[in-house]
Amino acid sequence: MSYENDQEMNTLKIIAETLNRSNDLEQMLQTVLEKLLELTKLETGWIFLVGDKPHYRFVADVRLPPALTWEGKKPMCTGSCSCLNRYWKGDLVDPINIIECKRLDDALQYDWGETKGITHHATVPLAAGEERFGILNVASPGKEHFTKEELTLLQSVAYQIGTAVKRTRLFHAQQKRAESFANLNEVTRLIWKASTITSLTDVVVQKSKEKFPWSNIGFYTKDGSGLQLRSSSSYLFPNPLPDHIPLEEVNEITSCFQQQKPLLTNLHSHIIEGYSSIAAPITMKDEHIGVLFAATSDPEALSESDLEVLQALTAHISLAFESIRLQEQRGEILLYEERKRLARDLHDSVNQKLFSLSLLARGAREVISKDFPSLTEPLEEMLSLSQGSLKEMRSLIWQLRPVGVEEGLVTAIHKYAEHLGLTVNFDVSDVPDFPRTIEEALWRIAQESLNNVSKHANVQFVNVTLQEDENGVTMIIRDTGKGFERLSRETGKRSLGLTSMKERAELIGGSLQVESRSGGGTRVKVILPWNKKENVHED
């Protein structure tokens, strides 16, 4: 008995020394399995590292019979078996003696090759404390029973292996964390070079895919009552990430946004089935901007360190987002001032000259047409052109310099509609005191919409609805004019106007939708985010 104890202690000592020689997990497991079989005089063995069902990896083997090496060890790398099923059910706590091998049974049934007399094996869970990592299987030809002493030794070895697996994984996790934060520095340096929101989202996605083990990345931003995919990259085709996700939909992206908490989901992603995912909210001050999402099919690729890196990345994104916003707002203010200057110059020069030209044309028509009837038609055309040009110039000055906004948005829209010869029916219960950026955007979009009605709709009446809710402010401009079928068939001028309206809304985090059909009128809906409780004027 003493000899057996000494032999067992010697075996454990040699196994421990073997396990401490390497931090390469698979190499370590292969070496220790070879040493274990040498010391115990067993013929064959193999090791699975096991994750959540149905994920496992065949990582080490010694002297497998031909039946199990068929087609590149395919019987060991695919399908399930009794020991794995017991492991996933939580029934495999202690070593199991005399367990028939389904893989060997299948080999006999399907004639995959010679089993060399191996029909049974012992199965031992690899664990360290409460953590479980996989399964150790050992066998010998004709051996259908393992003694209690053999199982005890195997269990002791399995604990050593489990502890080594944990140590190795911790080592690699720390190494990965250090590498990830080094890569994070490279990504953030590029982030701060972005000059627009679009370039920012593209840089984040493309560089993150290059630097981190994330096969699928999506950058979502708040858009009305949902989240819009601004940029993405995926090894899968087609891209599995949805373009738009309603906030009422339940998945890791919406949960992350609504709870404003980072999430790590192992192999149960609602977005990409069977994938692990991480998500972190992007917040600028108290404004909820969106979510950065990453996923991978490798069950061991994502960890808490990935989530930590993602959070650090979103912190930089938030600061860069705010910087770009401030630059855009500064540009808006400079553009606003330049428009006012240009409007003043046009009013003092070109507008006055067109007015004088109109008076001269009218006078010439009254004087000359009596004596020269043949000139009546050209003079009428000259008068009509000068008056039309004067009207368009005044309209342009209105667009450059929003006279009347100082008196309120509704008053400004009403006066501008009158200037265009339109009658507006307002549906407005209360007009909040908007920040300058919100009021400016609504005003400019209303101007462009009314211009389109005046020039293209062939109607005089327009309905304008202005509402405020938890999502922000919504403005709807609707007419019952002739409408249009497709934007691509419209003139370049109108398409440019619609594009400008959409870009203006998106510039401050909003959205714009245009619905129209031939003979059915046009509906323009703009939603701009605004938190009334936290309203601080920017003027």
Side-chain angles (χ1 to χ4, degrees), residues 8 11-40 42 44-62 64 73 76-77 80-81 83-96 99 121-139 150-180 213 264 266-267 276 296-308:
E8 180 177 329
T11 298
L12 294 175
K13 177 177 177 294
I14 294 173
I15 293 295
E17 291 172 350
T18 304
L19 290 169
N20 287 325
R21 288 174 186 166
S22 174
N23 283 317
D24 184 318
L25 183 58
E26 294 192 16
Q27 181 184 15
M28 177 188 73
L29 293 175
Q30 180 65 35
T31 303
V32 77
L33 181 59
E34 293 172 0
K35 184 61 67 173
L36 174 63
L37 296 180
E38 177 187 333
L39 293 169
T40 57
L42 293 169
T44 186
W46 58 93
I47 295 175
F48 294 119
L49 290 180
V50 188
D52 291 339
K53 190 176 183 178
H55 297 275
Y56 70 90
R57 279 196 300 141
F58 177 58
V59 293
D61 67 278
V62 176
L64 289 177
K73 302 178 184 178
M76 307 301 290
C77 302
S80 182
C81 61
C83 54
L84 282 173
N85 288 329
R86 291 192 185 193
Y87 181 94
W88 283 320
K89 288 179 181 178
D91 295 338
L92 187 59
V93 178
D94 299 314
I96 296 179
I99 179 169
H121 62 74
T123 296
V124 190
L126 303 178
E130 297 298 320
E131 294 185 68
R132 302 190 308 157
F133 304 105
I135 297 172
L136 166 66
N137 289 340
V138 292
E150 286 176 320
L151 292 177
T152 300
L153 175 61
L154 288 173
Q155 186 170 38
S156 298
V157 171
Y159 280 140
Q160 285 185 314
I161 296 174
T163 303
V165 170
K166 181 176 181 179
R167 171 184 57 77
T168 304
R169 284 186 171 177
L170 287 173
F171 171 80
H172 287 299
Q174 290 300 321
Q175 190 177 50
K176 176 185 173 183
R177 185 178 184 276
E179 292 174 356
S180 293
L264 170 61
N266 282 319
L267 301 173
S276 297
T296 180
S297 60
D298 186 347
E300 298 178 10
L302 296 181
S303 63
E304 291 293 336
S305 66
D306 289 280
L307 194 57
E308 190 177 356

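Nearest heavy atoms, G45 versus L37: N-CD1, 3.7 Å. When all heavy atoms of F133 and G162 are compared, the pair lying nearest together is CE1-O, 3.3 Å. Of all non-hydrogen atoms in P125 and A158, the two that sit nearest each other are O-CB, 3.5 Å. Here the closest non-hydrogen pair linking S80 and W88 is OG-CZ3, 3.8 Å.
Using a 4.5 Å cut-off on side-chain heavy atoms (C-beta onward), T40 and L153 make contact. Within the 4.5 Å cutoff, side-chain heavy atoms of L307 are placed close to those of E304. Side-chain contact between K53 and L84 is absent, with no heavy atoms from C-beta onward closer than 4.5 Å. Residues L136 and L36 form a side-chain contact, since some pair of their non-hydrogen atoms from C-beta on lies under 4.5 Å apart. Proximity of I15 to S156: side-chain heavy atoms (C-beta onward) are nowhere separated by under 4.5 Å. The shortest side-chain heavy-atom distance between P213 and D298 does not fall under the 4.5 Å cut-off. With a 4.5 Å cut-off on side-chain heavy atoms, D61 and M76 do not count as touching. Proximity of E131 to R169: side-chain heavy atoms (C-beta onward) are nowhere separated by under 4.5 Å.
One distance of note links OH of Y56 with SG of C81; it measures 7.0 Å at 0.5 Å rounding. Considering CG of N137 and CG of L42, their distance stands at 12.0 Å, rounded to 0.5 Å. Note that NE2 of H55 is 14.5 Å distant from CG of L49, once rounded to the nearest 0.5 Å. Between S297 atom OG and L302 atom CG the span is 9.5 Å, to the nearest 0.5 Å. Rounded to the nearest 0.5 angstrom, L126 CG and L92 CG are separated by 9.5 Å. In this structure, the separation between OH on Y87 and CZ on R132 is 4.5 Å, given to the nearest 0.5 Å.
Listed by chain and number, the residues in a side-chain contact (heavy atoms from CB on, under 4.5 Å) with P95 are V124, L151, Q155 (sequence neighbours excluded). Residues passing the salt bridge (charged side-chain N to carboxylate O under 4.0 Å, His left out) test with R57 are E26, E300, sequence neighbours excluded. Here S305 pairs with S303 under the side chain to side chain donor-acceptor pair (under 3.5 Å) rule; sequence neighbours left out. When the side-chain contact (heavy atoms from CB on, under 4.5 Å) test is applied to F171, the partners found at least two apart in sequence or on another chain are N23, Q175. Listed by chain and residue number, nothing satisfies the side-chain contact (heavy atoms from CB on, under 4.5 Å) test with P54 (two or more places apart in sequence, or in another chain).
F58 and F48 have tilted rings, their planes meeting at an angle from 30° to 60° on a 0 to 90° scale.
Every pair passing side chain to side chain donor-acceptor pair (under 3.5 Å) that includes a residue from residues 28-39 is listed here, sequence neighbours excluded: Q30-E34.
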Would you sort out whether L29 and L33 count as a side chain to side chain contact (heavy atoms under 4.5 Å, CB included), showing the intermediate values?
-> CA-CA 6 Å; L29 293 175; L33 181 59; over 6 Å; no
